[in-house]
Q: 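Got a structure here, written out as structure tokens. Questions coming.
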Amino acid sequence: KMPFVKTTPEKMLFHKGTVLNSWKAVWVVLSDDGVEFYKKKTDRSPKGMIPLKGAIIVSPCQDFGKRTLVFKITTDKKHDHFFQASHVEEREFWVKDIKRAINCIQGGKRFARKSTRRSIRLPDAVNLTELYTLMKDQDDGVKELKLEQEHRIFNHCFTGVTVVEWLISKEKARNRPEALMLATGLLNEGFLQPAGDLAKEGAESGEQTAFLDETHALYYFADSGFFCEGYSSDEDVLVKEEFRGNIIKQGCLLKQGHRRKNWKVRKFILRDDPAFMHYYDPTKDDEPLGSIHLRGSVVTAVEYVPDAKKYDIDGNLFEIITSDEIHYFLQAATTEERKEWIKAIQAVSKSGK
């Protein structure tokens, strides 16, 4: 997942090449004066660097028709660079931070995340990382829900009121204003993210308490399986059975092809009940390229893949063996990400039909 809590955001995005005009997955790192992109996360030197001094960012970029997740950076020398995220919230996160970096350069300041303690006077004893961990606890934390709002369905999120009341009930805050201050701290530091339009307006308002203590303000954990989807008002449209499950997790992984054995970046969406994992070409808004029925499947971490060239893979591999004995080899960007995918797929394969 995107490490929201780091001072330098980094993530796999898609970059449009200037020579071949094709979209390639690259590892992107935002520094205080530029955007660097690497062919692989493990590479020591970047494939390219986009200086942000005098740059302009456009989002959403409408140059590519159906591609709604693209943003464009135009450098001081009028060179255009196009990047595509895997979902709207990810695109907005990148655009927000790149804009801040550009503004810092213009003002002669060094780009860094807001100092939460300075801006809202949090007590020194408060450990936000620890608080976030408690808040995410499966049994005792804030419950992630599937909520409907403005013709959209928000998966894995919760309301502002829920957060405030949880903080008071767990004696982390004595009253609502104090709880609101803590929640704003978690929001400023990127632990919590705004989901709906109301929460986003609050976060951008620049108010002392950017977090909203409201039932219509929706938020999600930065490293959760949050996903927002629109739905058709036409009741005659029947969703295919395998797409009816709740979305548990989504993101990009490398997948080995069954015929040519080459590795390609695919966007995966994991659903439960029924237990399916669909994979897509992340550069197109098309139907899925395929699906994996997970009921009764086995998933394990592996260190070796048959028929794979050594330079093709960087570790963090795992294998899914379906009940029909079909083998799928996948690769995550980090060890932590691999662990999360395995845990999520194991849970779904046991419980989903």
Side-chain angles (χ1 to χ4, degrees), residues 1-9 11 30 88-90 92-97 99-100 104 109-147 149 154-228 336 340:
K1 296 294 292 178
M2 185 181 294
F4 289 95
V5 294
K6 286 190 179 179
T7 51
T8 52
K11 182 73 171 71
L30 174 60
V88 175
E89 283 69 25
E90 183 177 74
E92 288 179 358
F93 168 77
W94 276 95
V95 169
K96 183 179 168 186
D97 264 7
K99 275 182 180 173
R100 281 192 51 227
C104 284
K109 297 174 191 168
R110 189 180 173 85
F111 168 66
R113 290 198 168 280
K114 292 176 193 169
S115 167
T116 301
R117 292 187 187 281
R118 270 205 307 276
S119 62
I120 58 170
R121 298 189 190 90
L122 275 184
D124 289 335
V126 172
N127 183 330
L128 290 176
T129 309
E130 211 172 88
L131 188 59
Y132 179 63
T133 307
L134 291 170
M135 198 175 268
K136 282 193 70 193
D137 186 87
Q138 295 267 309
D139 304 314
D140 220 19
V142 172
K143 296 285 175 279
E144 294 177 277
L145 305 168
K146 185 174 182 175
L147 300 170
Q149 197 181 90
F154 295 87
N155 296 278
H156 297 273
C157 69
F158 37 83
T159 69
V161 169
T162 306
V163 172
V164 168
E165 288 176 354
W166 181 89
L167 287 165
I168 294 167
S169 71
K170 299 297 171 191
E171 298 179 348
K172 302 296 173 191
R174 288 170 296 182
N175 49 43
R176 291 191 102 84
E178 212 171 87
L180 210 48
M181 193 183 283
L182 282 177
T184 299
L186 289 161
L187 185 71
N188 284 354
E189 290 296 303
F191 290 107
L192 300 181
Q193 294 291 316
D197 295 338
L198 183 65
K200 285 174 188 173
E201 280 169 27
E204 294 296 327
S205 68
E207 295 292 322
Q208 191 82 344
T209 49
F211 191 89
L212 303 177
D213 180 8
E214 294 185 33
T215 48
H216 294 297
L218 305 182
Y219 299 90
Y220 64 95
F221 295 128
D223 53 358
S224 75
F226 171 79
F227 186 67
C228 169
E336 191 55 40
E340 285 173 12

Q: Between atom CG of L182 and atom CG of L187, what is the distance when rounded to the nearest 0.5 Å?
A: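 Going from the CG atom of L182 to the CG atom of L187 covers 12.5 Å.
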Q: Roughly how far, to the nearest 0.5 Å, is the CG atom of L192 from the CG atom of L186?
A: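 Atom-to-atom, L186:CG and L192:CG are 5.0 Å apart.
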Q: Using 0.5 Å steps for rounding, measure from the NZ atom of K172 to the CD atom of E130.
A: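 One gets 7.5 Å once the value is rounded to the nearest 0.5 Å.
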Q: The criterion is salt bridge (Lys or Arg N to Asp or Glu O under 4.0 Å); which residues satisfy it with K170, sequence neighbours excluded?
A: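 Here the qualifying residues are D140.
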Q: Rounded to the nearest 0.5 Å, what's the gap from CG on L218 to CG on D197? Could you check?
A: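 Going from the CG atom of L218 to the CG atom of D197 covers 9.5 Å.
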Q: So, for A203 and P194, which heavy atoms are closest and what is the spacing to 0.1 Å?
A: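 Smallest interatomic distance, heavy atoms only, reads CB-CG, 4.0 Å.
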Q: With sequence neighbours excluded, what pairs up with K136 under the salt bridge (Lys or Arg N to Asp or Glu O under 4.0 Å) test?
A: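 With neighbours one apart ignored, the set is D223.
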Q: At their closest point, which heavy atom of Y220 faces which heavy atom of A195, and how far apart are they?
A: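 Looking at all heavy atoms of both residues, the closest pair is CD2-CB, 3.9 Å.
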Q: Quick one: pull up CD in Q193 and OH in Y219 and give me the separation to the nearest 0.5 Å.
A: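 With rounding to 0.5 Å, CD (Q193) is 11.0 Å from OH (Y219).
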Q: Rounded to the nearest 0.5 Å, how far apart are CD of E165 and CZ of R176?
A: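 Going from the CD atom of E165 to the CZ atom of R176 covers 4.5 Å.
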Q: A183: which residues meet the side-chain contact (heavy atoms from CB on, under 4.5 Å) condition with it, sequence neighbours left out?
A: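 V163, L167, F211.
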Q: Under the side-chain contact (heavy atoms from CB on, under 4.5 Å) rule, what do T162 and L145 come out as? Steps first, then yes or no, please.
A: CA-CA 11 Å; T162 306; L145 305 168; 5.8 Å; no
Q: Nearest heavy-atom pair of L212 and L198: which atoms, and what distance?
A: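 In terms of heavy atoms, the two residues are closest at CD1-O, 3.4 Å.
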Q: Name all residues meeting the side chain to side chain donor-acceptor pair (under 3.5 Å) criterion together with E144; count only those two or more places apart in sequence or in a different chain, and write none if there are none.
A: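 None.
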Q: Give the minimum heavy-atom separation between Q138 and K143, together with the two atoms involved.
A: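 Minimum heavy-atom contact is O-NZ, 3.4 Å.
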Q: Would you list the pairs meeting ring pair (Phe, Tyr, Trp, His ring centres under 6.0 Å) in which at least one residue belongs to residues 158-182, sequence neighbours left out?
A: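 Checked against ring pair (Phe, Tyr, Trp, His ring centres under 6.0 Å) - neighbours excluded - the pairs reaching residues 158-182 are F158-F221.
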Q: Could you tell me which residues satisfy side chain to side chain donor-acceptor pair (under 3.5 Å) with N175, sequence neighbours excluded, listed by chain and number?
A: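 Scan of N175 (side chain to side chain donor-acceptor pair (under 3.5 Å), adjacent residues dropped) gives none.
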Q: Please enumerate all residues that pass salt bridge (Lys or Arg N to Asp or Glu O under 4.0 Å) together with D137, with sequence neighbours excluded.
A: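 None.
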Q: Show the nearest heavy-atom pair for residues T133 and T129, with the distance to one decimal.
A: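 Closest pair (atom of T133, atom of T129, distance): OG1-O, 2.9 Å.
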Q: Test of understanding: with salt bridge (Lys or Arg N to Asp or Glu O under 4.0 Å), list the residues that count as partners of E214, not counting sequence neighbours.
A: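 Checked E214 against salt bridge (Lys or Arg N to Asp or Glu O under 4.0 Å); zero matches.
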Q: Using the test side-chain contact (heavy atoms from CB on, under 4.5 Å), find all partners of S169 that sit at least two apart in sequence or belong to another chain.
A: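 By the side-chain contact (heavy atoms from CB on, under 4.5 Å) rule, S169 matches no residue at all.
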